[in-house]
There are 2 protein chains.
Amino acid sequence: MGEGIRSDSLLYLTDEQLRQGIEAMYFAYRGFTADPDRILESMAYGRAHHRAIHFINRAPGTTVTNLLAILGVTKQSLNRVLRTLIEDGLVESRVGTSDRRERNLYLTEEGISLENRLSDAQRARMRAAFRDAGPDAVSGFRQVLESMMDGELRRQYKSLRENGQ
Amino acid sequence: MGEGIRSDSLLYLTDEQLRQGIEAMYFAYRGFTADPDRILESMAYGRAHHRAIHFINRAPGTTVTNLLAILGVTKQSLNRVLRTLIEDGLVESRVGTSDRRERNLYLTEEGISLENRLSDAQRARMRAAFRDAGPDAVSGFRQVLESMMDGELRRQYKSLRENGQ
DNA sequence: TTGGAGTGTCAACAAAGCTGACGTATTGTG
DNA sequence: CACAATACGTCAGCTTTGTTGACACTCCAA
């Protein structure tokens with residue numbers, strides 16, 4: 001306190017800067033979910049359905065337990081969402097081959113089609129933001145977000161990333 | 001398509017990179033809310049109470065209508081939250097001086113104390129992430145988030161920023 | 001064969017959003 | 001002054017998405 005500005009400038013760590021970061025996160029997340037939400041509300045679906053569809057698409061054949069770990073909800077909560085998606089023919093649940101207790105989840109054609117609509121909308125906004133900000137800013141964005149994750153979530157995030165490419 | 005890598009490298013705009021950005025946003029937001037959520041669940045409060053407390057603290061004396069605009073919820077929804085906060089003595093609602101229809105909202109001592117606990121926890125995580133990533137990354141983080149906001153939200157975000165400093 | 005893991009389902013409940021309708025106090029306008 | 005509009009609060013009812021707790025079934029492995 002009252003020691004003036006350090007030569008290596010830690011001004012970006014002031015409470016005011018941190019508060020701006022917090023508010024930026026809050027408002028940006030609302031923008032981030034706005035486009036898919038608009039598409040979903042025209043059907044009988046919500047954000048929970050989007051998340052399930054997203055991660056099933058990302059890791060086809062994933063089990064219910066694995067999905068539970070990624071989404072961090074109870075199986076009762078996930079099951080309600082999953083049931084409607086299966087009934088509506090967007091998701092297929094196949095009995096596991098090696099372990100027949102498990103259910104492997106896949107998107108149907110129709111499920112893939114909805115996933116594409118949703119992620120196209122979300123990617124469009126992300127792409128615009130990335131392009132506006134440029135590659136260096138994007139790198140910083142990714143770095144800060146990764147540091148902000150909880151340990152277990154970061155592990156899952158990284159494991160998904162390896163999966164993708 | 002199939003034209004190879006451009007010399008100015010737009011590789012950071014590939015669908016895979018965008019998808020990683022989307023997932024980073026999802027996992028980071030969960031980390032972002034985790035600490036306050038833990039504090040809140042020990043009381044009878046939720047995220048909605050936190051948001052109200054945050055923005056009342058940020059703009060003391062703000063009106064209900066203004067808070068509605070910032071939070072983007074209905075007055076019925078906000079009122080439920082606000083009522084419990086007033087009953088519990090965390091928020092004070094004073095009749096407006098110039099316009100007696102308005103209610104100016106303030107945190108009480110107790111309200112300020114809770115706000116501090118919540119934002120200390122949230123800032124600690126943000127500070128750690130900022131420090132890990134460094135000033136340039138933080139600048140990029142802020143830039144991308146701002147681009148990701150909807151027009152109206154961006155306006156509100158900037159107006160809050162002017163207010164703060 | 002038996003214990004435990006993975007899965008699904010029933011019931012009951014809570015938080016936090018929504019719409020619609022209505023009442024009251026206050027203010028601004030014609 | 002009369003009246004419309006604004007700001008706020010509240011009642012009732014509904015939805016989504018989360019929670020616990022209890023229980024049953026299938027199937028794997030010791």
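Hydrogens, waters and symmetry mates are skipped; everything else that's a heavy atom, side chains included, is used. Below, chain A is the first sequence line, B the second, and so on; all start at residue 1.
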Can you list every salt bridge (Lys or Arg N to Asp or Glu O under 4.0 Å) pair that touches residues 30-46 of chain A, not counting sequence neighbours? D35(A)-R38(A), D35(A)-R125(A), D37(A)-R47(A)
d(CG, L67(B); C1', dA7(D)) in whole Å: 14 Å
Give every donor-acceptor pair under 3.5 Å between a side-chain atom in residues 80-90 of chain B and any protein atom, sequence neighbours left out.
unit_1	atom_1	unit_2	atom_2	d
T84(B)	OG1	H49(B)	NE2	3.3
T84(B)	OG1	V81(B)	O	2.8
D88(B)	OD2	Y45(B)	OH	2.4

Are E115(B) and R51(B) ion-paired here, with the side-chain N under 4.0 Å from a carboxylate O? no
E162(A) with R58(A): basic N within carboxylate O range, under 4.0 Å: no
Is there a ring-ring contact (aromatic ring centres under 6.0 Å, His included) between Y29(A) and Y26(B) once you walk through the steps? CA-CA 9 Å; Y29(A) 195 78; Y26(B) 169 67; 7.8 Å; no
Which atom of D132(A) lies closest to which atom of S147(B), heavy atoms considered: CB-OG, 3.6 Å
In terms of hydrophobic clusters joined by side-chain contacts under 4.5 Å, are L118(B) and Y106(B) together? no
By nearest-nucleotide position on DNA chain D, the 5'-leaning member of L78(A) and N66(B) is N66(B)
Quick test: give all pairs of protein nitrogen or oxygen and nucleotides 19-22 of chain D nitrogen or oxygen below 3.5 Å, distance rounded to 0.1 Å.
unit_1	atom_1	unit_2	atom_2	d
dT19(D)	OP2	T74(A)	N	2.6
dT19(D)	OP2	T74(A)	OG1	2.8
dG21(D)	O6	Q76(A)	NE2	3.0

Send over the distance from L82(B) CG to dA7(D) P, rounded to a whole Å. 16 Å
How far apart are the C-alpha atoms of D120(B) and R123(B), what are their side-chain angles, what is the distance that settles it, and do they pass the salt bridge (Lys or Arg N to Asp or Glu O under 4.0 Å) test? CA-CA 5 Å; D120(B) 279 355; R123(B) 270 199 302 266; 2.8 Å; yes
So which of residues 84-105 of chain B are in contact with DNA chain D, with a heavy-atom cut-off of under 4.0 Å? R101(B), E102(B), R103(B)
If you take any heavy atom closer than 4.0 Å to DNA chain D, which residues from residues 40-53 of chain B end up in contact? none
Give the rounded distance in Å between these two atoms: CG of L68(B) and C1' of dG17(C). 13 Å
Look at R94(B) together with E92(B) and state whether they make a salt bridge at an N to O cut-off of under 4.0 Å. yes
Could you name each residue pair satisfying ring pair (Phe, Tyr, Trp, His ring centres under 6.0 Å) that touches residues 112-132 of chain B, not counting sequence neighbours? F130(B)-F141(B)
With side chain to side chain contact (heavy atoms under 4.5 Å, CB included) as the test, pick out the partner of F27(B) among Q156(A), R155(A), E146(A), R154(A). Q156(A)
Within this structure, what is the CZ-to-P distance between R83(B) and dA15(C), rounded to whole angstrom? 13 Å
